[in-house]
Amino acid sequence: MKKFRFTAFTVALCTAASTVSYGAVFSDVGSSLSWAESYISSVYESGLMVGDYNSSGQRVFRGTENMTYSEAAQLIYSIVVQSGFSTDITDTGVSKYAMEMSNAGIADWAQKAVAFCMEKGILTSYDLLKFTSGSSDAKITREDMAVYFGKALALSYSVSTGTSLSFNDTYDISSSAKPYVELLNKLGIVSGDDNNNFNPKNNITRAEVAVLASKTFSLMKTQVITNPESGYTQTSGVVVSIYEENGTYVLRLQTSEGLSGFVLTTSTPVYNNATTNVGPTGIGLGDTVTVYSMDSSIAKVVITNDVEVDTNYINTTEYSYTVKDKGELVSAGEYKIGFINKSGSTVYYVVATDAEITLDGKTATLRQLSDSIKAGSLIEVTVELNSSTNEAYTVTAEEQEYTSSTEGKISNINTRKIVITSGSKTYTYNLIDEDTNDDNYPDVTVKYNGSSSSLKDLIEKYDDLTGSKYISVVLTLNDDDEVKKIVATASNYDEDDDDSYTGTIKSIDTSEDEIKVNSKTYDLSSSVRVSITAGSDSITDIDKLEDAVNTGDITIKVELTVKSGKVTRIEGYVTQIEGKLDYMTVTNSSYPRGKMGVTVSDFAQITFSYDEDTTLRFDGTSYDDVNITSLRNSVNGKDEDDKYEVTVKFDEDGIATSVKD
């Protein structure tokens, strides 16, 4: 195996040779490791890598053994802090990453070092996925070790594009790693082996690490970072939330630049108009404050406008409810997330301190969501907001199948163009318009389920799709962004799969076990399953579904699953209702969001959410954030006989798209 050799530093940067022979210190360092002799001695004398003892009581370095990711983090931490290159992390700082480290299975002894590396940007929570393999600590690769050392040095040194690398296997180095490998190469810390290969995917041995550690430590001691700024950064804004747990306060402000967050303790001075120290408990919702900070250190907080919250704008418990929203995740900060919603707008939500956050069904943090975005993942996120606090208490994120604008599901295709859906976005492409075949179809290369096909056949297969079946495609474009090749794959179903039919329910007769959808009548299975979204509620019983349909005031769109000639499953959502508007709540006077309840005659009250995309029109007047409060007062102030008769239309998530009288 070729060694991971390193270029020599100048004499001024090399660690001085120890007066104690390496062989006298470590019993297992012999001639085979002579190339690393001075570096092993250096890291031992500096306390960075001291080895351990074997069963015979002899000190051993274990230079030929591989290093784990956790050990690498511990080494980076020791080098950076001992050299004075950066300040240590506080216990509060460590606690910020406790859940992520616990979820990743990071051992207790390594948690402070891992938290330090995350705090300094050397590691991301996404990196923690590599730290364990099953129940064992995973071995770190040369590439990842170089990245960690490079990111540590990047606290002071500038990082370029990585295009100057000239290793024979540069193509094997990940694009995200190249800038840091290049930095180490330029600083004389690393070079190729005897064949000028970097061997990025191979594991790295402790002897090889000793070379990196010794050289990096020496360099860092000559480049100590100091904060060039004097004074504190001042951040002013309105308090949108303050949360206390075990003497630690998380303060969130709405500023002119967006949302900012700070961590206070019981000893943080908080002055009311710069005179009286009232402490963090003196901060209230709606107060205007200025925070004086340097990095994560808070010097003081000054309350410049102490207000009392108007209880008329705060929903009582009985009117507190859940608001749902979803879209493609575009950002995840320390206290908020942003995503592109169904209307194409980018929206941002504050995430509650104790929010339940999951990624692909596993407990996660906002930092992990952010790292997933940076890693190129396409994430669809659904948030549930509490109307009383307007904070997200549940964040459900799912990594999507498609990651580029040329991959997705066909949503339309003809002889001129193809439309695909990728995540929450839709893309339209023209097909090549030259070299048309004799049948007037463009000469686009098509593969379907791995076999050669034609555009005509693909269009026919798409037109024959029923129910939830779909066709995924990967498109290849020419220089004019026209589609010249389509690789298509049918959704995972067999020709003998259950049939699926969609439409609007016209009638249900449980006595005859029949359901009519559009113009066709189907037999019902005796064990038919029902799942219908009805605003914020759901219908899960066939008898209740029959009652809803029989009112004549509820319209329901469904997808039927038919097996052996009988409907075994009914899924769908209420698209429209007509009834009396019983009540209305508003999240606050600044947001046209809230909840309504409508009683449908001979059925029940259906509750639902509305938002800024909902059309609200009563007595010829349209309502938005300017006059939404007056509508609420009007609705809630009406007697039983005077209530609005309304028509409500819904999207598939049960959120109202329009409410009109």
Side-chain angles (χ1 to χ4, degrees), residues 1 4 28 43 48-56 59-79 89 91 93-149 151-152 172 174 176-177 199-210 212-213 356-372 374-377 379 395-399:
M1 180 183 71
F4 187 78
D28 61 340
V43 294
L48 298 175
M49 299 175 70
V50 296
D52 58 7
Y53 293 91
N54 61 19
S55 58
S56 301
R59 183 181 290 275
V60 289
F61 188 74
R62 306 189 190 280
T64 59
E65 295 183 9
N66 297 131
M67 180 170 277
T68 68
Y69 281 90
S70 292
E71 290 169 340
Q74 181 65 51
L75 179 60
I76 294 289
Y77 166 69
S78 299
I79 292 173
I89 190 172
D91 291 340
V94 174
S95 65
K96 287 196 303 183
Y97 307 99
M99 186 175 75
E100 292 157 277
M101 293 189 293
S102 177
N103 291 342
I106 306 300
D108 291 344
W109 62 266
Q111 289 199 3
K112 184 173 184 179
V114 171
F116 172 86
C117 290
M118 295 177 73
E119 182 81 357
K120 301 299 181 182
I122 299 167
L123 289 177
T124 70
S125 56
Y126 201 65
D127 292 328
L128 300 189
L129 300 176
K130 299 179 180 180
F131 273 56
T132 56
S133 177
S135 59
S136 304
D137 286 339
K139 307 298 184 182
I140 191 169
T141 64
R142 290 179 165 130
E143 175 181 271
D144 285 342
M145 180 63 84
V147 169
Y148 297 170
F149 273 90
K151 286 187 174 182
D172 281 335
S174 302
S176 60
N199 305 309
K201 309 306 180 186
N202 290 352
N203 295 126
I204 190 168
T205 66
R206 288 173 51 82
E208 292 164 346
V209 171
L212 275 81
E356 178 183 334
I357 305 172
T358 59
L359 174 60
D360 293 335
K362 297 181 180 179
T363 301
T365 65
L366 290 177
R367 194 174 299 104
Q368 285 174 304
L369 298 187
S370 176
D371 291 340
S372 297
K374 294 175 182 176
S377 297
I379 306 292
V395 179
T396 304
E398 298 287 342
E399 189 167 359

- Note on the structure: Smallest heavy-atom separation, F61 atom then D28 atom, equals N-OD1, 2.8 Å

- Within a radius of less than 6.0 Å around CG of D91, do more than 12 heavy atoms belonging to other residues, nucleotides or ligands occur? no

- Residue pair S174 / K201, side-chain heavy-atom distance below 4.5 Å: yes

- Mind checking what makes salt bridge (Lys or Arg N to Asp or Glu O under 4.0 Å) contact with E65, not counting sequence neighbours? R62

- V395 side chain reached by L369 side chain, heavy atoms, under 4.5 Å: yes

- Any side-chain heavy-atom pair of L359 and I379 under 4.5 Å: yes

- Task: May I ask you to test the M49-M67 pair for a side-chain heavy-atom distance under 4.5 Å?
- Result: yes

Please set out all donor-acceptor pairs under 3.5 angstrom arising from side-chain atoms of residues 100-111, sequence neighbours excluded.
unit_1, atom_1, unit_2, atom_2, d
E100, OE1, R367, NH1, 2.4
E100, OE2, T365, OG1, 2.8
E100, OE2, R367, NH1, 3.1
N103, ND2, M99, O, 3.3
Q111, NE2, I106, O, 3.1

- Side-chain contact test, heavy atoms from C-beta onward, threshold under 4.5 Å: evaluate it for T132 versus D137 and give yes or no. yes

- Item | Rounded distance [0.5 Å steps], CD in E143 versus CG in N202 | 11.0 Å

- Return the minimal non-hydrogen interatomic distance between E119 and I89, and the atom names on each side. CB-CD1, 3.9 Å

- Scanning both residues in full, the closest heavy-atom pair of L212 with E208 reads CD1-O, 3.3 Å

- Item | Closest heavy-atom pair and its distance - A73, C117 | O-SG, 3.9 Å

- Query: How far does CG of L366 sit from CG of D371, to the nearest 0.5 angstrom?
  - Reply: 11.0 Å

- Go through the structure and list residues passing salt bridge (Lys or Arg N to Asp or Glu O under 4.0 Å) with K139, not counting sequence neighbours. none

- R59 and D52, any side-chain heavy atoms less than 4.5 Å apart: no

- Query: In terms of ring plane angle, is the pair Y77 and F116 parallel, tilted or perpendicular, where the classes change at 30° and 60°?
  - Reply: perpendicular

- Query: So, do K96 and M118 sit near enough that their side-chain heavy atoms are less than 4.5 Å apart?
  - Reply: no

- Item | Value rounded to 0.5 Å, distance of CD1 in I140 from CE in M145 | 4.5 Å

- Task: Grab the two heavy atoms, one from L48 and one from A213, that are nearest each other, plus how far apart they are.
- Result: CD1-O, 4.4 Å

- Note on the structure: R206 meets the salt bridge (Lys or Arg N to Asp or Glu O under 4.0 Å) criterion, sequence neighbours left out, with none

- Counterpart residues, side chain to side chain contact (heavy atoms under 4.5 Å, CB included), relative to S370 (two or more places apart): A332, K374

- Query: If you take all heavy atoms of R142 and I204, which pair is closest and at what distance?
  - Reply: CG-CB, 3.7 Å

- Task: Mark yes or no for whether D172, through its side chain, and P200, through its backbone, hold a donor-acceptor pair below 3.5 Å.
- Result: no

- Message: Run the side chain to side chain contact (heavy atoms under 4.5 Å, CB included) test against D127 and tell me which residues pass, sequence neighbours left out.
- Response: L123, T124, Y148

